[in-house]
Amino acid sequence: MRNKQPLVLGGTLVVLLGIAWLAGVFERNPSNIRVPELNLPTDEVTQITIVLPDTDLLLEKQGTQWFVREPVNMPADSVTVARILNELGDLSLTARVTSNPDRYQVYGIDSTASTVTLTWPDGFEEIVISRQGRDYTSIYVRLGEDPNVYSTDSRVTVNQDPERWRDRMVVNTDNSPVTSATVFRQGSSYEVSMIDGAWMIDDQPADSMQVANWLRRFAPLNADGFIDDLPPQILTDASYRVNLSTSLNTTVSIQAMPAESAVALTSGGSQFTYRVLESRLDQLFPNPESLLAQEE
């Protein structure tokens, strides 16, 4: 029995040493390492490269607008771009936690991390960003070729869904109010028009509140995603269509058809096919009865 005690104590010591190593006890005075200051000129950034676990993104600024260049070429989601630039601009490093590549995985600086490279006219900065920090208000980062991993006092959220970086706005009639509309539904059609200050459905009075709520869905109309393997030309003769005439004497045409437990949708002249939830089909192309005034 006594012969086993040294073995048990030795095993316990090995376990404790392993736990201490994982916890960074043997790191060389991390608090004494000088932490670099981040002064990112986010207002001057003209290009953002994002390496995600499953794909790469390239964004470029043209004038005041951001565009996704890779993997597709289209306008970028301005809210998503503005958020990451604001968060990076506010980011500050608090302490070094490790410089050992073998321990990067402990802090999420591995294949699950995102690498964001900001480029401005006279410089750039590459930042490897973990998905989680020591708590929900922080992250861990590594800068360029610097082997050190640093803790932070705030978060940077890098959306790992590539679709979220793409502008999902299909149309926007906010600045050009709709004056009339023609809706086509599976072989039938009806017209919504303003006559003498009142909305009419063909020759019947409409419920002005219902019509207003319906038209508000196009100011703007944002998709839920994209269907990249379905070209918009296929929707030319789609069974659902709405033509919106606006106060600026322009016409906005939107076509849709059911596709793979969703709805494929495009707008006239668009290079992209958008995806919306099935539940939105009747919201965008309503039955005329749902817009009629109710008899008292």
Rounded to the nearest 0.5 Å, how far does [atom2] of [Y] lie from [atom1] of [X]?
{"X": "T49", "Y": "R69", "atom1": "OG1", "atom2": "CZ", "result": "13.0 Å"}
{"X": "I227", "Y": "D224", "atom1": "CD1", "atom2": "CG", "result": "10.5 Å"}
{"X": "D153", "Y": "I139", "atom1": "CG", "atom2": "CD1", "result": "10.0 Å"}
{"X": "Q233", "Y": "D237", "atom1": "CD", "atom2": "CG", "result": "12.0 Å"}
{"X": "L91", "Y": "N86", "atom1": "CG", "atom2": "CG", "result": "12.5 Å"}
{"X": "L265", "Y": "L230", "atom1": "CG", "atom2": "CG", "result": "11.0 Å"}

When hydrophobic residues are tied together by side-chain contacts of less than 4.5 Å, even through go-betweens, does [X] share a cluster with [Y]?
{"X": "L118", "Y": "L93", "answer": "yes"}
{"X": "L221", "Y": "M257", "answer": "no"}
{"X": "L52", "Y": "M74", "answer": "yes"}
{"X": "L85", "Y": "I50", "answer": "yes"}
{"X": "L284", "Y": "V242", "answer": "yes"}

Inset, instruction - Evaluate the criterion side chain to side chain contact (heavy atoms under 4.5 Å, CB included) for residue pair F272 and T266; output intermediate values, then yes/no. - result: CA-CA 7 Å; F272 308 101; T266 190; over 6 Å; no
Inset, instruction - Output yes when R275 and E163 qualify as a salt bridge under the 4.0 Å nitrogen-oxygen rule, no when they do not. - result: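 Salt bridge: yes.
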Do the side chain of [X] and the main chain of [Y] share a donor and acceptor less than 3.5 angstrom apart?
{"X": "D207", "Y": "L292", "result": "no"}
{"X": "R34", "Y": "P36", "result": "no"}
{"X": "S130", "Y": "Y140", "result": "yes"}
{"X": "R155", "Y": "S138", "result": "yes"}
{"X": "S245", "Y": "T251", "result": "no"}
{"X": "W214", "Y": "M209", "result": "no"}
{"X": "D202", "Y": "Q204", "result": "no"}
{"X": "T46", "Y": "W120", "result": "no"}
{"X": "S270", "Y": "V170", "result": "no"}

Does [atom1] belonging to [X] count more than 12 external heavy atoms closer than 6.0 Å?
{"X": "R164", "atom1": "CZ", "answer": "no"}
{"X": "R131", "atom1": "CZ", "answer": "no"}
{"X": "N249", "atom1": "CG", "answer": "no"}
{"X": "Q105", "atom1": "CD", "answer": "no"}
{"X": "D135", "atom1": "CG", "answer": "yes"}

Under 3.5 Å, is there a donor-acceptor pair linking the side chains of [X] and [Y]?
{"X": "Q160", "Y": "S114", "value": "yes"}
{"X": "Q255", "Y": "Y240", "value": "no"}
{"X": "D146", "Y": "Y150", "value": "yes"}
{"X": "R216", "Y": "N213", "value": "yes"}
{"X": "N287", "Y": "R185", "value": "yes"}
{"X": "S154", "Y": "D90", "value": "no"}

Is there side-chain contact between [X] and [Y], with heavy atoms separated by less than 4.5 Å?
{"X": "T179", "Y": "T246", "value": "no"}
{"X": "R166", "Y": "V72", "value": "yes"}
{"X": "I84", "Y": "T157", "value": "no"}
{"X": "F218", "Y": "V178", "value": "no"}
{"X": "V81", "Y": "I48", "value": "yes"}
{"X": "L88", "Y": "I129", "value": "yes"}
{"X": "Y104", "Y": "R142", "value": "yes"}
{"X": "T173", "Y": "L215", "value": "no"}

Inset, instruction - Dump the intermediate steps for side chain to side chain contact (heavy atoms under 4.5 Å, CB included) on I127 and L143, then the final yes or no. - result: CA-CA 5 Å; I127 308 171; L143 305 178; 4.0 Å; yes
If you look at every heavy atom in [X] and [Y], which pair is closest and at what distance?
{"X": "G144", "Y": "E125", "value": "N-OE2, 4.4 Å"}
{"X": "E44", "Y": "P121", "value": "O-CD, 3.4 Å"}
{"X": "P53", "Y": "T112", "value": "CG-O, 3.9 Å"}
{"X": "V35", "Y": "T94", "value": "CG2-O, 3.8 Å"}
{"X": "P232", "Y": "T273", "value": "N-OG1, 3.1 Å"}
{"X": "N222", "Y": "M169", "value": "OD1-CA, 3.1 Å"}

Inset, instruction - Would you please name every residue forming a side chain to side chain contact (heavy atoms under 4.5 Å, CB included) with F184, sequence neighbours left out? - result: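 Side chain to side chain contact (heavy atoms under 4.5 Å, CB included) list for F184, sorted by chain: T182, S189, R241, N243.
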Inset, instruction - Run the numbers on E70 and V68 for side chain to side chain contact (heavy atoms under 4.5 Å, CB included), then give the verdict. - result: CA-CA 6 Å; E70 295 291 343; V68 178; 5.9 Å; no
Inset, instruction - I would like to know whether M194 and S180 meet side chain to side chain contact (heavy atoms under 4.5 Å, CB included); could you show each step before the answer? - result: CA-CA 6 Å; M194 177 75 73; S180 65; over 6 Å; no
Legend entry - Contacts of type ring pair (Phe, Tyr, Trp, His ring centres under 6.0 Å), residue F67, not counting sequence neighbours: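 Counting only residues at least two positions away or on another chain, F67 forms no ring pair (Phe, Tyr, Trp, His ring centres under 6.0 Å).
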Legend entry - Mutual orientation of the aromatic rings belonging to Y274 and F226 [parallel < 30°, tilted 30-60°, perpendicular > 60°]: tilted
